[in-house]
Amino acid sequence: MKTKLSNITIALTITSILLLTGCSRSRAPEDKPVSGDELTTLKREYADVLALQGTSKGEILAIAPILRANPEMVIDRTAASGEYCFKSDLGIMVHFATQPQRTSEGVLYEFDASGLIAAGLDPARMKRLPELGRMTPGLWYFLPKGQLDPHHAHAMPGPTIAIAVNVK
């Protein structure tokens, strides 16, 4: 009986010392509770995402794991054009304006036109891609190979066609 009490006393003493000195298991970063400030920041940063319902919510939730698995698909062109570029395949891109209310080019689609030209597309019949913010939504534009793309701020490696959508 004395041995049992002695073991219990030792265990309680060690536990008390650990609790009093703060030497108990420290929390892993992911175990830390979110503070009020952090929760407020999260709610503010993700307000548009959290407000989504139905199909819109489903679409964002379908895109998120793709981007998480392949973050290189997204190219930050905010300094050049105020847009993020989603490059889903070689020569196939969609740009999203960070402030679509300030432009008629809220969403921009760009495609490598090489295959279309080979199939008979006559780029001479198309308007040239204008400088940033000058596109008319719904019209197709052509950018010759090697010409500066205002949405990327560099020359494109191949001929490109583009169309803008006004999402205001």
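Note that the numbering runs from 1 along the sequence shown for the chain.
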**Q** Taking side-chain hydrogen bond (donor to acceptor under 3.5 Å, both in side chains) as the test, write out the residues that go with Ser114, two or more places apart.
**A** Asp112
**Q** Is there a path of hydrophobic side-chain contacts, each under 4.5 Å between heavy atoms of I/L/V/M/F/W/Y residues, joining Met126 to Ile117?
**A** yes
**Q** Are more than 12 heavy atoms from other residues, nucleotides or ligands located less than 6.0 Å from atom NZ of Lys168?
**A** yes
**Q** Would you tell me whether Glu110 and His151 have side-chain atoms, one donor and one acceptor, within less than 3.5 Å of each other?
**A** no
**Q** Quick one: pull up CG in Leu67 and OH in Tyr84 and give me the separation to the nearest 0.5 Å.
**A** 12.0 Å
**Q** Using modelled atom types and a 3.5 Å cut-off, is there a donor and acceptor pairing between side-chain atoms of Thr98 and backbone atoms of Gly82?
**A** yes
**Q** Just jot down the side-chain hydrogen bond (donor to acceptor under 3.5 Å, both in side chains) partners of Arg102, sequence neighbours excluded, or say none.
**A** Gln99
**Q** What about Ile75 and Met73, same hydrophobic cluster or not, with Ile/Leu/Val/Met/Phe/Trp/Tyr joined at side-chain heavy-atom distances under 4.5 Å?
**A** no
**Q** Report the residue from His152, Glu105, Lys87 that forms a side chain to side chain donor-acceptor pair (under 3.5 Å) with His95.
**A** His152
**Q** CG/Leu132 to CZ/Arg77 distance, rounded to the nearest 0.5 angstrom?
**A** 13.0 Å
**Q** Just do the side-chain contact (heavy atoms from CB on, under 4.5 Å) check on Phe96 and Val107 with the steps written out, would you?
**A** CA-CA 5 Å; Phe96 298 96; Val107 178; 4.1 Å; yes
**Q** Grouping I, L, V, M, F, W and Y whenever their side-chain heavy atoms are under 4.5 Å apart, do Val49 and Leu61 come out in a common cluster?
**A** no
**Q** Consider only side-chain heavy atoms of I, L, V, M, F, W and Y, link residues closer than 4.5 Å, and tell whether Trp140 and Ile92 are in one cluster.
**A** yes
**Q** Calculate, to the nearest 0.5 Å, the distance between atoms CE and CG belonging to Met135 and Asn166 respectively.
**A** 11.5 Å
**Q** Measure the spacing between CG of Leu108 and CG of Leu129 and express it to the nearest 0.5 Å.
**A** 7.5 Å
